[in-house]
Amino acid sequence: SRVTELASYSTIGHTIENRKRINASAPVPSINLPCRPTRITAPRSHIIDNQLYRTFSSNSDDDVDSSPLTEPRESMQYDVVIVGGGPAGLAASIRLKQLCSSKGIDLSVCILEKGSEVGSHILSGNVFDPRALEELLSHNNSEEDSDSNATWMEELMESQDSHATPVSEDAFLVLTESGGSYQIPNVLLPSQLHNDGNYIISLSKLTRYLGEMAEGMGVEIYPGFAADEVLYNNADDDGNGNGAVKGVATKDVGIAKDGLPKDTFERGVELVGRQTLFAEGARGSCSESIISKFDLRREAGADVQHFGLGIKEVWEVPEEKFKKGFVQHTLGYPLQSSVMDKVYGGSFLYHQEPNLVLCGLVVGLDYENPYINPYLEFQRWKTHPAIKSHLEGGTCIQYGARVLNEGGYHSLPKLTFPGGMLLGCSAGFLNAVKIKGSHCAIQSGIVAAESVYESLTTGENAEEKTVASMGEIDADEPAIEVTQYAENMEKSWVYDELKEVRNCHEAFSKWGVGGGLLYTGIAAHITKGKEPWTLPTPIGSNPQPKTDSTATKPAKDFQPIKYPAPDGILTFDLLTNLQRSGTYHEDDQPSHLRIKADVAKVPENISLQVYAAPESRFCPAGVYEYVEEKLVINAQNCIHCKCCSIKMPQEYINWTVPEGGGGPQYQVM
């Protein structure tokens, strides 16, 4: 079978039964996780990009090197290959199989997920708008299922023992440094911030539930396999090609730190599809390479993408502290102390049944002060009386972090290219004003699936051309670009929602928190995105659009920030908290965090000297530090947030995937 075939190429150490298992009953991790994250650094000669080893195409016939690293890769073919087992990718797979059932032409579908299991790399707030999910699941209501009246909330509980708690109370506060707070009346808030009809959930649990559903429909899901390389038609020996995307290759496993194959070495596998859907989440490595290769931002006339870093903890609290369905968002302390402050960000705090408090801080990565430490700002935020009162007497059970898109409507790239498309947060479908993106991601998966299915099953002898029918891709079939997907997305409510608040992020960047709030209020209540102007992203000292990296200013313009020491009860040191993420990587492998060869001197000569080593502060996992003025990369600690690939001076880090299965092991995020 295909499952056994792929399993035989893996040396990650799991049986295929474990590979396919979604692990519905995994327990919530306790504070005492197995081992403290360690500081393990690859030799410097092995962390410079392009100096590890060459990745060879399986189509190379003239390579005479007998090294295992150059052996041709095995290939598996599908109608649709989906990269990423998050909300967008799973929704696309489910909708494809729904259409296969209702339309009568079957398509073979597989999902690659780099986490050890579906959901293990998923982190979100999460107050969940069920609009798109309910649309997706409405297609499951066939005649055979007509006797089942179970809601998705009930099915989630049965499948994952995880509650979807209806929002019962909504508060938006402005916190002051002195410990005070002021509530903004809900009537003054943008309608998109109202949470009537929404639910407090664990998104990592929801994806496990969707993963089980997809598998039950015939989708082949391969957790623990990281997509490392995009494959192109007409590729040369280095894997480069000007043709269409034809699929992806999984990462070679069993390579030692020195770049040489170990006894456990296995070559990666090529997964080739008639269409490849990239749903890796924000700043996905394959997605970013495709955006660059096909120049998809310029093609769409889009701005650069901007990002925020979301840092989150999950707490168990005593019964007397629990307020079922309570939702609170804040601005002000600790990120903003005046209406002119331009640090974009805020906090969230949600009460989910049975007794959980989900809390976190989002910091816009376009901040200027290199001394800001987002993790310590989060710890400091918890000491405010309006936050502390919810957590006292409780226990922190999980920690994690992930970047999120904040550019919105103006930063959306061209969505399609020959052979594939971008879904969910790989494209940038997150509404920063609404503080939600999962509903947009799921909807993009639905629209993508419908567009792809129509394209692959329309025309003469369409059924005979499917991989599900023939077992392989017709060699004479040309690669296509399913432009209908982009057209359908532009007509969807996702674009309407994003367009309504299209200038709000730029308003905060331009005028600070006070001006940003005022503009957002006007846009939400009056203009609703119909204003006849566009606020450009502010430009720095050079004429290029200001990225989050170039937004950082020299350290000489600021004073170091003194943060309070953690108390170990309400606030925690970073490495103690990192244990709660369950992060693990195979020790003996090359660092997946590689310094780009053309900027190899930036860490010591520019980052340290000019910006006072901001990477030692903005990384929420303690990956980067300077020892005797030399950069040390503790790749073992990485929680795959992707922040370093965004905020580094000159973006000097190339974030690549480690061996599949490595990274955090989120259970209730």
Side-chain angles (χ1 to χ4, degrees), residues 123-125 172 174-175 190 193 281-283 303-312 329-348 360-378 380-381 401-411 425 428-437 498 501-520 523 535-540 545-553 558 561 611 614-615 617-620 641-649 651:
L123 181 150
S124 180
F172 199 105
V174 177
L175 307 182
L193 268 176
R283 198 70 172 190
D303 290 344
V304 297
Q305 183 61 265
H306 291 278
F307 299 88
L309 175 63
I311 303 174
K312 179 181 177 181
H329 296 101
T330 73
L331 289 173
Y333 179 84
L335 297 178
Q336 305 106 9
S337 58
S338 75
V339 295
M340 298 305 294
D341 277 348
K342 293 185 178 182
V343 179
Y344 184 70
S347 78
F348 61 87
L361 186 72
V362 177
V363 181
L365 290 178
D366 55 354
Y367 64 81
E368 298 176 344
N369 184 350
Y371 289 113
I372 286 178
N373 185 315
Y375 174 81
L376 293 180
E377 295 288 350
F378 171 50
R380 183 161 65 169
W381 165 78
R402 185 73 168 90
V403 298
L404 56 151
N405 303 293
E406 290 186 339
Y409 182 84
H410 291 313
S411 297
C425 288
F429 293 125
L430 182 137
N431 186 334
V433 172
K434 192 170 184 173
I435 322 176
K436 295 174 183 64
L498 295 179
V501 294
R502 60 193 175 91
N503 286 321
C504 294
H505 179 269
E506 286 74 12
F508 278 90
S509 297
K510 190 177 183 67
W511 298 309
V513 64
L517 279 173
L518 180 61
Y519 189 94
T520 299
L535 294 181
T537 300
I539 293 177
K546 186 167 75 172
T547 65
D548 292 337
S549 173
T550 59
T552 311
K553 291 187 175 180
F558 303 90
I561 300 172
Y611 299 103
E615 60 269 61
R617 289 177 288 275
F618 65 62
C619 175
C641 73
K642 310 293 182 70
C643 182
C644 60
S645 71
I646 298 163
K647 192 60 176 172
M648 288 293 195
E651 297 183 12

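Heavy-atom basis, side chains included; hydrogens, waters and symmetry copies ignored. The first residue of the sequence shown is numbered 1, and numbering continues consecutively from there.
- Remark: side-chain polar atoms of Gln305 are paired, donor with acceptor, to backbone N or O of Gly407 under 3.5 angstrom.
- Between Pro649 and Thr552 there is no side-chain heavy-atom pair separated by less than 4.5 Å.
- Once rounded to the nearest 0.5 Å, the distance linking NZ of Lys342 with CG of Asn369 reads 14.0 Å.
- Here the side chains of Phe618 and Leu309 are not in contact, with every heavy-atom distance at 4.5 Å or above.
- Here Glu368 contributes atom CD and Ser509 contributes atom OG; the two are 9.5 Å apart, rounded to the nearest 0.5 Å.
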Exercise for review: Please test Tyr344 against Phe508 for ring pair (Phe, Tyr, Trp, His ring centres under 6.0 Å), starting from the C-alpha separation and ending with a verdict.
Suggested key: CA-CA 7 Å; Tyr344 184 70; Phe508 278 90; 5.0 Å; yes

Practice item. With side chain to side chain contact (heavy atoms under 4.5 Å, CB included) as the test, would you mind laying out the steps for Asn503 and His410 before giving the verdict? Key: CA-CA 8 Å; Asn503 286 321; His410 291 313; 3.1 Å; yes

Exercise for review: Begin from the C-alpha positions of Leu331 and Leu517 and carry the test side chain to side chain contact (heavy atoms under 4.5 Å, CB included) through to its verdict.
Suggested key: CA-CA 10 Å; Leu331 289 173; Leu517 279 173; 3.6 Å; yes

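- Panel note: side chain Asp341, backbone Val343; no donor-acceptor pair is recorded below 3.5 Å.
- Put simply, the side chain of Pro374 reaches to within 4.5 Å of the side chain of Ile311, judged on heavy atoms.
- Residues Lys312 and Phe378 have side chains not in contact (no heavy-atom distance under 4.5 Å, counting atoms from C-beta outward).
- Side-chain contact between Lys647 and Pro614 is absent, with no heavy atoms from C-beta onward closer than 4.5 Å.
- Counting only N and O atoms by type, the side chains of Ser411 and Asn405 include no donor and acceptor under 3.5 Å apart.
- We find the CG-OG1 distance between Leu175 and Thr330 to be 4.0 Å, quoted to the nearest 0.5 Å.
- Side-chain contact between Ile372 and Phe558 is absent, with no heavy-atom pair separated by less than 4.5 Å.
- Side chain of Gln336 to main chain of Gly345: a donor-acceptor pair is present (N/O by atom type, distance under 3.5 Å, no hydrogens or angles).
- Rounding to the nearest 0.5 Å gives a distance of 14.0 Å between CZ of Arg380 and OH of Tyr375.
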Practice item. Give the C-alpha distance, both sets of side-chain angles, the deciding distance and a yes or no for side chain to side chain contact (heavy atoms under 4.5 Å, CB included) between Val501 and Thr520. Key: CA-CA 7 Å; Val501 294; Thr520 299; 5.6 Å; no

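- Judged by distance alone, the side chain of Arg617 and the main-chain N or O of Leu376 form no donor-acceptor pair under 3.5 Å.
- Put simply, the side chain of Arg283 gets close to the backbone of Ser645: a donor and an acceptor are under 3.5 Å apart.
- Scanning all heavy atoms of the two residues, the minimum distance from Ala523 to Cys504 falls at CB-SG, 4.2 Å.
- Heavy-atom minimum distance, Glu651 versus Ile646: CG-O, 3.8 Å.
- To the nearest 0.5 Å, atoms CZ (Arg402) and CZ (Phe307) are separated by 9.0 Å.
- Evaluation of the ring-ring contact (aromatic ring centres under 6.0 Å, His included) rule for Phe348 yields Tyr350 as partners, not counting sequence neighbours.
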Review point. Given the rule in the side chain to side chain contact (heavy atoms under 4.5 Å, CB included) test, do Leu361 and Leu335 qualify, once you have shown the distances and angles that lead to the verdict?
Key: CA-CA 10 Å; Leu361 186 72; Leu335 297 178; 4.1 Å; yes

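- Residue Leu365 holds its CG atom at 10.5 Å from NE2 of His306, rounded to the nearest 0.5 Å.
- Every side-chain contact (heavy atoms from CB on, under 4.5 Å) that Ala507 has, sequence neighbours left out, goes to Trp511, Tyr519, Leu535.
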